[in-house]
Chemist: 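This is the structure, below, for whatever I ask next.
The first residue in the sequence is number 1, and the count goes up from there.
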Amino acid sequence: MSIEKQVDPGRRGLLAATCAAGGVVGLSATGALVSTFQPSERAKAAGAPVEVDISSLQPGEMKTVEWRGKPVWILRRTPEMVASLKKTDGQVADPDSKRNPNEFTPEYCLNKGRSIKEEYLVAIGICTHLGCSPSTKFVPGPQSSLPDDWAGGFLCPCHGSTFDLAGRVYKNVPAPDNLPVPRHMYLSDTKLIIGKDQKGEA
């Protein structure tokens, strides 16, 4: 003979509340687990690729993002800036980026503009001499610490190394190499990713 046990209303309410609390805890635990799949700040600092929106970047403007603790410049060159590279071609030390190409220039950027798209320069903004950060000197013409026929580019204030608008180092300056170009690729016309290309992560 079976005996039916009746659960009083108070105990039934307590049981429902306990189940609800358990469900909330389960959901929060699931959320915490999912969040562990996202790249941590430490992973990003160690070299996780960085996605950049360049939709608001106007011709002649440059933005800086951080990748692996280094400043990466994204310069949207004007047609005049692109044309200036022909002028500086004979003044730079490594016009075709043949020195250490694997270290400083990916194979798909081995061109005069050192870029995938002629309009954009993507370069690590650290001088190859002693690791200083060069300043922008985009305005052409005579000015302090620069030659009279300056075509626009970058000047390292520490020891006077100069680079053109493709990050190519000028002759007879302390810096031995062009500015490094990180591995990168375009996800669309307005987005690019730094630290990753068709071959994988850098």
Chemist: Name all residues meeting the side chain to side chain contact (heavy atoms under 4.5 Å, CB included) criterion together with P106; count only those two or more places apart in sequence or in a different chain, and write none if there are none.
Modeler: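 Listed in chain order: Y108, C109, V181, R183.
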Chemist: For E61, check side chain to side chain contact (heavy atoms under 4.5 Å, CB included) against everything at least two apart and list the hits.
Modeler: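 In terms of side chain to side chain contact (heavy atoms under 4.5 Å, CB included), with neighbours along the sequence ignored, E61 is linked to L57, Q58.
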Chemist: Between H129 (side chain only) and C127 (backbone N and O only), is there a donor and an acceptor less than 3.5 Å apart?
Modeler: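 No, H129 side chain to C127 backbone: no donor-acceptor pair under 3.5 Å.
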Chemist: Where do P49 and W67 come nearest, in terms of heavy atoms and distance?
Modeler: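 So the minimum-distance heavy-atom pair works out to CA-NE1, 4.4 Å.
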Chemist: Report yes or no: does R114 contribute a side-chain atom to a donor-acceptor pair with the main-chain N or O of S97 at less than 3.5 Å?
Modeler: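 Not confirmed, R114 side chain does not pair with S97 backbone.
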Chemist: Under 4.5 Å between side-chain heavy atoms, hopping through other hydrophobics if needed: is there a path connecting I126 to V92?
Modeler: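 No; tracing contacts between hydrophobic side chains, which count when under 4.5 Å, never links both residues.
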Chemist: Where is the tightest heavy-atom contact between K87 and A151, given as atom of each residue plus distance?
Modeler: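 Closest heavy-atom pair between K87 and A151: CD-CB, 4.2 Å.
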Chemist: Any chance the side chains of R99 and T105 put a donor and an acceptor closer than 3.5 Å?
Modeler: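 The criterion, which ignores hydrogens and geometry beyond distance, is not satisfied for T105 and R99.
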Chemist: Find the distance between CH2 (W73) and CZ (F154) and round it off to the nearest 0.5 Å.
Modeler: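 It comes to 5.0 Å.
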Chemist: Can a salt bridge be assigned to the pair D89 and R168 using a cut-off of 4.0 Å between side-chain N and carboxylate O?
Modeler: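 Yes, this pair counts.
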Chemist: Run the salt-bridge test on E119 and R76 with the 4.0 Å N-O cut-off and return the result as yes or no.
Modeler: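 R76 and E119: salt-bridged.
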Chemist: Measuring from atom OG of S115 to atom CG of L165, what distance do you get when rounded to the nearest 0.5 angstrom?
Modeler: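 So the OG of S115 and the CG of L165 are separated by 11.5 Å.
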Chemist: How about K117: does its NZ atom have over 12 heavy atoms from other parts shown lying under 6.0 Å from it?
Modeler: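 Enclosed: over 12 neighbouring heavy atoms sit under 6.0 Å from NZ of K117.
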Chemist: For residues Q143 and V139, report the shortest heavy-atom separation together with the two atoms involved.
Modeler: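 Heavy-atom minimum between the residues: NE2-O, 2.7 Å.
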Chemist: Going by the side-chain contact (heavy atoms from CB on, under 4.5 Å) test, name the single residue among P174, C132, S133 that passes it with C158.
Modeler: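 Exactly one pass, corresponding to C132.
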Chemist: Under a 3.5 Å distance rule, please check whether T128 uses its side chain to pair with a backbone N or O of D177 as donor and acceptor.
Modeler: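 Pair found, side chain donor or acceptor close to backbone of D177.
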Chemist: What about L75 and I54, same hydrophobic cluster or not, with Ile/Leu/Val/Met/Phe/Trp/Tyr joined at side-chain heavy-atom distances under 4.5 Å?
Modeler: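 Not linked; separate clusters.
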Chemist: Return the set of residues passing side chain to side chain contact (heavy atoms under 4.5 Å, CB included) with L155 (not counting sequence neighbours), or none when no residue passes.
Modeler: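 Partners of L155 under the side chain to side chain contact (heavy atoms under 4.5 Å, CB included) test: S135, K137, S145, L146, T162.
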Chemist: side-chain contact (heavy atoms from CB on, under 4.5 Å), that's the test. Do D96 and L110 meet it? Break it down for me.
Modeler: CA-CA 7 Å; D96 299 316; L110 289 173; over 6 Å; no
Chemist: Just by distance, with hydrogens left out, do D164 and T88 show a side-chain donor and acceptor under 3.5 Å apart?
Modeler: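 Checked: D164/T88 side chains pair up, N/O donor to acceptor below 3.5 Å.
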Chemist: For K63 and V72, indicate whether the former's side chain and the latter's backbone hold a donor-acceptor pair under 3.5 Å.
Modeler: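 Absent.
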Chemist: Could you tell me the separation between the CD1 atom of I193 and the CE atom of M185, rounded to the nearest 0.5 Å?
Modeler: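 One gets 5.5 Å once the value is rounded to the nearest 0.5 Å.
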Chemist: Would you confirm whether N178, through its side chain, and D94, through its main-chain N or O, come within 3.5 Å as a donor-acceptor pair?
Modeler: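 Yes, because the side chain of N178 sits within donor-acceptor range (under 3.5 Å) of the backbone of D94.
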Chemist: Any side-chain heavy atom of W150 within less than 4.5 Å of one from P142?
Modeler: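 Of all side-chain heavy-atom pairs linking P142 with W150, none is under 4.5 Å.
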Chemist: Among the clusters formed by ILVMFWY side chains lying less than 4.5 Å apart, do L179 and V52 turn up in the same one?
Modeler: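 Different hydrophobic clusters.
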Chemist: Inspect the surroundings of NZ in K191 and state if more than 12 heavy atoms from other residues, nucleotides or ligands are less than 6.0 Å away.
Modeler: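 Counting other residues, nucleotides and ligands, NZ of K191 stays at 12 neighbours or fewer.
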Chemist: I need the Y186 OH to I116 CD1 distance, nearest 0.5 Å.
Modeler: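 Interatomic distance, Y186 OH to I116 CD1, rounded to 0.5 Å: 6.0 Å.
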Chemist: Using salt bridge (Lys or Arg N to Asp or Glu O under 4.0 Å), reason through K196 and E51 one step at a time and then give a plain yes or no.
Modeler: CA-CA 10 Å; K196 184 177 181 180; E51 190 174 311; over 6 Å; no
Chemist: Measure the spacing between CD1 of I74 and CG of L121 and express it to the nearest 0.5 Å.
Modeler: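 Between I74 CD1 and L121 CG, I get 9.5 Å after rounding to 0.5 Å.
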Chemist: Atom CZ in F138, atom CE in M81: separation rounded to 0.5 Å?
Modeler: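 Answer rounded to 0.5 Å: 5.0 Å.
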Chemist: Between F163 and V122, is there a shared hydrophobic cluster once you connect ILVMFWY residues whose side-chain heavy atoms come closer than 4.5 Å?
Modeler: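 No, separate clusters.
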Chemist: Of the non-hydrogen atoms in P182 and H184, which two are nearest, and what is the gap between them?
Modeler: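 Minimum heavy-atom separation between P182 and H184: O-ND1, 2.7 Å.
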Chemist: Any chain of hydrophobic side-chain contacts (each under 4.5 Å) joining L85 to F104?
Modeler: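 Shared cluster, no.
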Chemist: Given E66 and V50, is the side-chain contact (heavy atoms from CB on, under 4.5 Å) satisfied, shown in steps?
Modeler: CA-CA 8 Å; E66 185 179 343; V50 175; over 6 Å; no
